[in-house]
Undergrad: 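Quick one: structure below, then a few questions.
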Amino acid sequence: MIGNVKLICLYGSESVGKTTLAEQLAAHYQTVFVQEVARDLITSNDLTLDDYVTIGHAQTKAVLEATQKANKLLICDTDLITTELYAEHYLQEVPPVLYELEKQITYDRYFLLNIDVPWVADGLRDLGHRREEMYNRFKTALAERNIDYVDVSGDWATRWAIVTGEIDRLLA
């Protein structure tokens, strides 16, 4: 929580519905959401360590700024752990500053979105053939940090019910 704003992280590998769900949740709870800023900064997955540092700083800044506009709840469709995981995947190295940036924001609830929905290519997504591996890497990263999370799977209606039920409890 930052100020009186509870932070929600929609977390998981590519093409699991994070952005769509973030938009819908923000509308439902009459608040704002923070999209994955990397989507505005990159045109390919051919990135350097400096690119990941830039993304990390921009994502952190976007979340901190959005807390000023949020209505008791801020929905984020990624986090710094995600940036670290992709740096590790593509470059086999994580810029140390990402771990420092990760510590600046503590989410009140993580939702790990499962890969049991159709994968959709969009020009940047390139790991459709490695979905299970990436899902497990995301899950392991939370376990290594002792971060509790809510597993979100099933069809879209089931996912909505899981997430909104948990957020409603968090806000009560």
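Here, residue 1 is the first one in the sequence, and each next residue gets the next number.
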Undergrad: Go through I55 and L47 one step at a time and tell me if the side chain to side chain contact (heavy atoms under 4.5 Å, CB included) criterion holds.
TA: CA-CA 10 Å; I55 291 166; L47 304 175; 4.0 Å; yes
Undergrad: Please enumerate all residues that pass side chain to side chain donor-acceptor pair (under 3.5 Å) together with E84, with sequence neighbours excluded.
TA: R145
Undergrad: When rounded to the nearest 0.5 angstrom, what distance separates CD in E144 from CG in L142?
TA: 9.5 Å
Undergrad: Run the numbers on E102 and I81 for side chain to side chain contact (heavy atoms under 4.5 Å, CB included), then give the verdict.
TA: CA-CA 7 Å; E102 176 190 336; I81 299 170; 3.6 Å; yes
Undergrad: Taking only residues two or more places apart in sequence, or in another chain, which ones meet K69 in a salt bridge (Lys or Arg N to Asp or Glu O under 4.0 Å)?
TA: none
Undergrad: Please name the pair of heavy atoms, one in A66 and one in V32, separated by the smallest distance, quoted to 0.1 Å.
TA: O-CG2, 3.8 Å
Undergrad: Between I147 and Y107, is there a side-chain heavy-atom distance shorter than 4.5 Å?
TA: no
Undergrad: What distance do F111 atom CZ and I167 atom CD1 have between them, rounded to the nearest 0.5 Å?
TA: 4.5 Å
Undergrad: Restricting to non-hydrogen atoms, name the atom on G56 and the atom on L101 that form the minimum distance, rounded to 0.1 Å.
TA: C-CD1, 3.5 Å
Undergrad: Look up atom OG1 in T82 and atom CD in E36, then write down how far apart they are to the nearest 0.5 Å.
TA: 7.0 Å
Undergrad: Could you list the residues that satisfy side chain to side chain contact (heavy atoms under 4.5 Å, CB included) with L170, not counting sequence neighbours?
TA: K6, I8, D108, R109
Undergrad: What distance separates I75 CD1 from Q35 CD, expressed to the nearest 0.5 Å?
TA: 14.5 Å
Undergrad: Give, for atom CG of L85 and atom CG of L80, the distance between the pair rounded to the nearest 0.5 Å.
TA: 11.0 Å
Undergrad: With T67, which residues qualify under side chain to side chain contact (heavy atoms under 4.5 Å, CB included), at least two apart?
TA: I2, L7, L74
Undergrad: Kindly write out the residues that satisfy side chain to side chain contact (heavy atoms under 4.5 Å, CB included) with E100, not counting sequence neighbours, or none if the list is empty.
TA: K103
Undergrad: Where do L25 and L73 land on the side chain to side chain contact (heavy atoms under 4.5 Å, CB included) test, with the steps shown first?
TA: CA-CA 10 Å; L25 289 168; L73 185 70; over 6 Å; no
Undergrad: Could you tell me which residues satisfy salt bridge (Lys or Arg N to Asp or Glu O under 4.0 Å) with R169, sequence neighbours excluded, listed by chain and number?
TA: E166
Undergrad: First locate atom CD of Q104, then atom NE2 of H57, and finally report the distance between them rounded to the nearest 0.5 Å.
TA: 8.5 Å
Undergrad: Go through the structure and list residues passing side chain to side chain donor-acceptor pair (under 3.5 Å) with D168, not counting sequence neighbours.
TA: Y29
Undergrad: Is it the case that the side chain of Q30 and the backbone of A27 share a donor-acceptor pair, with hydrogens and angles ignored and the cut-off at 3.5 Å?
TA: no
Undergrad: Sequence neighbours excluded, which residues qualify as salt bridge (Lys or Arg N to Asp or Glu O under 4.0 Å) partners of E133?
TA: R130, R137
Undergrad: Which atom pair, heavy atoms only, marks the closest approach of R131 to V16?
TA: NH2-CG1, 3.8 Å
Undergrad: According to ring-ring contact (aromatic ring centres under 6.0 Å, His included), does anything in residues 4-28 pair up with another residue at least two apart or in another chain? List the pairs.
TA: Y11-Y110, Y11-F138, H28-W160
Undergrad: Of all the heavy-atom pairs spanning C9 and D79, show the shortest one and how long it is.
TA: SG-CB, 3.7 Å
Undergrad: Could you work out, with side chain to side chain contact (heavy atoms under 4.5 Å, CB included) as the rule, every residue matching A62, not counting sequence neighbours?
TA: V34, V37
Undergrad: Suppose we screen for side chain to side chain donor-acceptor pair (under 3.5 Å). Which residues come up paired with T106, at least two apart in sequence or across chains?
TA: none
Undergrad: List the atom of A22, the atom of D77, and the distance in Å for their closest heavy-atom pair.
TA: CB-CB, 3.9 Å
Undergrad: Could you tell me whether the side chain of M134 reaches within less than 4.5 Å of the side chain of Y86, counting heavy atoms only?
TA: yes
Undergrad: Locate the shortest heavy-atom distance separating N114 from S153; write the atom from each residue and the value.
TA: CB-CB, 3.6 Å
Undergrad: Any heavy-atom pair between the side chains of V94 and Y52 that's under 4.5 Å?
TA: no
Undergrad: With sequence neighbours left out, which residue pairs that include part of residues 154-164 fulfil the salt bridge (Lys or Arg N to Asp or Glu O under 4.0 Å) condition?
TA: D116-R159
Undergrad: With side chains defined as the heavy atoms from C-beta onward, is the minimum distance between V150 and V163 less than 4.5 Å?
TA: no
